[in-house]
Amino acid sequence: METLQELIQFLHPSQRLDLKAVATMHVLGLTGTPEGKEVIFKVPEVVRLLFQLSEDSAESVAKDAVLALINLTSEEEDANKIFQEASKMDPKFNLTSKAVSVITNENSALSDPWTMVLSNLTRVENIVGEVLDELEKDDKSILSLAKAFSKVDYNKKGSKLHYLGPIFCNLTQTSRGRELVCKSKYNLLDRLIPFTNFEDSIWEKDDILFAILYPLAGPEEFTDEENEKFPMELQFLGEEKKREEDSDLRIMLLESLLQLCAKKKYREILRNKGVYEILREYHKWEAKVGSDKNALLACENVVDILIKKEEEIGLDNYREVEVPDHLSKQFVEDDIDFVKN
């Protein structure tokens with residue numbers, strides 16, 4: 001610890017670049033072991049200096065500082081310490097807004113490490129709410145993240161942004177996060193779902209589809225053939241798995257799936273990923289346990305499309321079909337009758 005105390009003078013942003021670079025590299029090395037991290041957390045000033053150095057004008061220094069933050073947030077307890085320390089600074093070092101600003105900067109060479117920091121933070125249940133608070137302060141934040149995620153080769157400096165998928169997945173582990181993804185004003189699902197079939201990244205693949213389906217999935221057993229279709233995280237969930245209790249959220253998720261069913265390419269993805277099989281069991285549960293007829297109707301609307309062959313549908317995009325007013329009214333009336341009866 002004495003050695004670390006001695007290093008503090010060389011970690012100040014105003015220090016000579018060569019000394020600052022060596023000191024930051026030494027701290028980064030310490031974060032690679034549990035013992036090293038324990039020592040660092042006993043000297044909070046080092047953590048505060050890492051925050052400042054993450055914005056250093058020297059890219060090599062800034063990168064080492066952010067890499068150190070990745071290691072220091074890799075465990076839940078430690079991530080909490082880092083988040084609290086950032087909040088105590090005067091002025092507060094806003095980890096979320098800092099991460100978002102770098103990740104969405106297409107010319108930043110530090111986008112990947114900051115994506116990993118934010119991914120680590122959003123895995124922690126008591127932090128994710130504060131991250132959502134920050135994201136919802138400005139609609140541009142969440143939309144910019146979605147744009148960075150959905151645009152191939154978004155970053156001009158070679159950053160792959162593979163950890164953006166886990167970030168969205170982490171956010172949707174909370175009811176509030178699922179509401180955010182389903183909000184029509186963000187149109188996030190249309191942006192994110194195509195990446196359930198994007199082969200460039202093992203992290204992005206299936207993350208968003210998992211986030212939609214997991215709350216609807218239960219403890220039922222499936223055949224090996226059916227399980228192979230599902231995203232890995234939805235296979236063999238076990239007897240303890242419970243479905244989302246909030247019927248409004250269940251309906252929102254089902255309506256999101258219905259919106260995706262509008263386009264042929266999404267319908268094919270949903271079929272290939274076993275969405276029908278999951279909804280088949282969900283429908284049985286909703287009829288007997290959930291007992292929300294609006295949710296039941298929303299489920300049936302999706303299933304009715306997925307069980308049809310594309311030859312029967314004969315359309316690339318349902319949204320391009322003009323429905324006569326009298327039929328539109330009839331469909332609404334039929335839905336009302338179903339819910340009432």
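Side-chain atoms are counted along with the backbone in the values below, which use heavy atoms only and exclude waters and symmetry mates.
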Basic-acidic side-chain contact under 4.0 Å: Glu76, Arg123: no

Considering residues, nucleotides and ligands other than Asp139, do more than 12 of their heavy atoms fall under 6.0 Å from its CG? yes

Side chain Asn120, main chain Ile70, donor-acceptor under 3.5 Å: yes

How far does CH2 of Trp285 sit from CD of Glu220, to the nearest 0.5 angstrom? 10.0 Å

Could you tell me if the side chain of Val61 sits less than 4.5 Å from the side chain of Leu53, heavy atoms only? yes

I'd like to know whether Thr122 forms a side chain to side chain donor-acceptor pair (under 3.5 Å) with Asn170, so could you lay out the CA-CA distance, the side-chain angles of the two residues, the decisive distance to 0.1 Å, and finally the verdict. CA-CA 6 Å; Thr122 53; Asn170 294 341; 3.0 Å; yes

Would you confirm whether Tyr154, through its side chain, and Thr104, through its main-chain N or O, come within 3.5 Å as a donor-acceptor pair? yes

Any idea how Phe51 and Phe93 line up, ring-wise: parallel (<30°), tilted (30 to 60°), or perpendicular (>60°)? parallel

Tell me, yes or no, whether the heavy-atom count around Glu221 atom CD, taken from other residues, nucleotides or ligands under 6.0 Å, exceeds 12. no

Does a sphere of radius 6.0 Å around CD in Glu77 hold more than 12 heavy atoms from other residues, nucleotides or ligands, not counting ones at 6.0 Å or beyond? no

Check ion pair Arg267-Glu310 (N to O, under 4.0 angstrom): yes

I'd like to know if Met25 and Val39 are part of one continuous hydrophobic network [Ile/Leu/Val/Met/Phe/Trp/Tyr, side-chain heavy atoms within less than 4.5 Å]. no

Test your reading of the model: is there a side-chain donor-acceptor pair from Ser119 to the backbone of Thr115, 3.5 Å cut-off? no

Cluster check Tyr282, Ile251: I/L/V/M/F/W/Y, side chain < 4.5 angstrom: no

Is there a donor-acceptor pair closer than 3.5 Å between any side-chain N or O of Gln235 and the backbone N or O of Asn227? yes

When rounded to the nearest 0.5 Å, the distance separating CD of Glu233 from CG of Leu209 is 10.0 Å

So, does Asp112 use its side chain to make a donor-acceptor pair with the main chain of Leu161 at under 3.5 Å? yes

Assess the residue pair Val124 and Thr73 against the criterion (side chain to side chain contact (heavy atoms under 4.5 Å, CB included)); give the C-alpha distance rounded to whole Å, side-chain angles, the decisive distance to 0.1 Å, and a yes or no. CA-CA 10 Å; Val124 183; Thr73 55; over 6 Å; no

Ion pair present between Asp18 and Arg16, side-chain N to carboxylate O less than 4.0 angstrom? yes

When rounded to the nearest 0.5 angstrom, what distance separates CG in Leu315 from NZ in Lys264? 10.5 Å

Could you tell me the separation between the NZ atom of Lys63 and the OG atom of Ser60, rounded to the nearest 0.5 Å? 9.5 Å

Distance-only donor-acceptor hits, side chain of residues 128-137, under 3.5 Å, sequence neighbours excluded:
unit_1	atom_1	unit_2	atom_2	d
Asp133	OD1	Arg176	NH1	3.0
Asp133	OD1	Arg176	NH2	2.6
Glu134	OE1	Asn94	ND2	3.0
Glu134	OE1	Lys137	NZ	3.2
Glu134	OE2	Asn94	ND2	3.4
Glu136	OE1	Arg176	NE	3.2
Glu136	OE1	Arg176	NH2	3.0
Glu136	OE2	Lys183	NZ	3.3

Tyr214 six-ring face occupied by Lys241 cation (under 6.0 Å, within 45°): yes

Taking NZ in Lys156 as the centre, count heavy atoms belonging to other residues, nucleotides or ligands within less than 6.0 Å. Is the count above 12? yes

Assigning hydrophobic clusters by single linkage (Ile, Leu, Val, Met, Phe, Trp, Tyr; side-chain heavy-atom cutoff under 4.5 Å), is Ile40 placed with Val22? no

Less than 4.5 Å apart, side chain to side chain, heavy atoms only: is that true for Gln259 and Tyr266? no

So NE2 of His26 and CG of Leu11: to nearest 0.5 Å the spacing works out to 9.5 Å

Between Glu286 and Arg243, does any NZ, NE, NH1 or NH2 come within less than 4.0 Å of an OD or OE carboxylate oxygen? no

Under the 3.5 angstrom rule, does the side chain of Gln15 hit a backbone N or O of Gln9 as a donor-acceptor pair? yes

Would the distance check show the side chain of Ser74 and the main-chain N or O of Asn71 forming a donor-acceptor pair, the cut-off being under 3.5 Å? yes

So, does Asn105 use its side chain to make a donor-acceptor pair with the main chain of Ser111 at under 3.5 Å? no

Non-neighbouring partners of Phe83 that pass ring-ring contact (aromatic ring centres under 6.0 Å, His included), sequence neighbours left out: none

Lys20 with Asp56: basic N within carboxylate O range, under 4.0 Å: yes

Considering only NZ, NE, NH1 and NH2 on the basic side and carboxylate oxygens on the acidic side, decide whether Lys88 and Glu85 come within less than 4.0 Å. yes

Within this structure, what is the NZ-SG distance for the pair Lys284 and Cys299, rounded to the nearest 0.5 Å? 11.5 Å

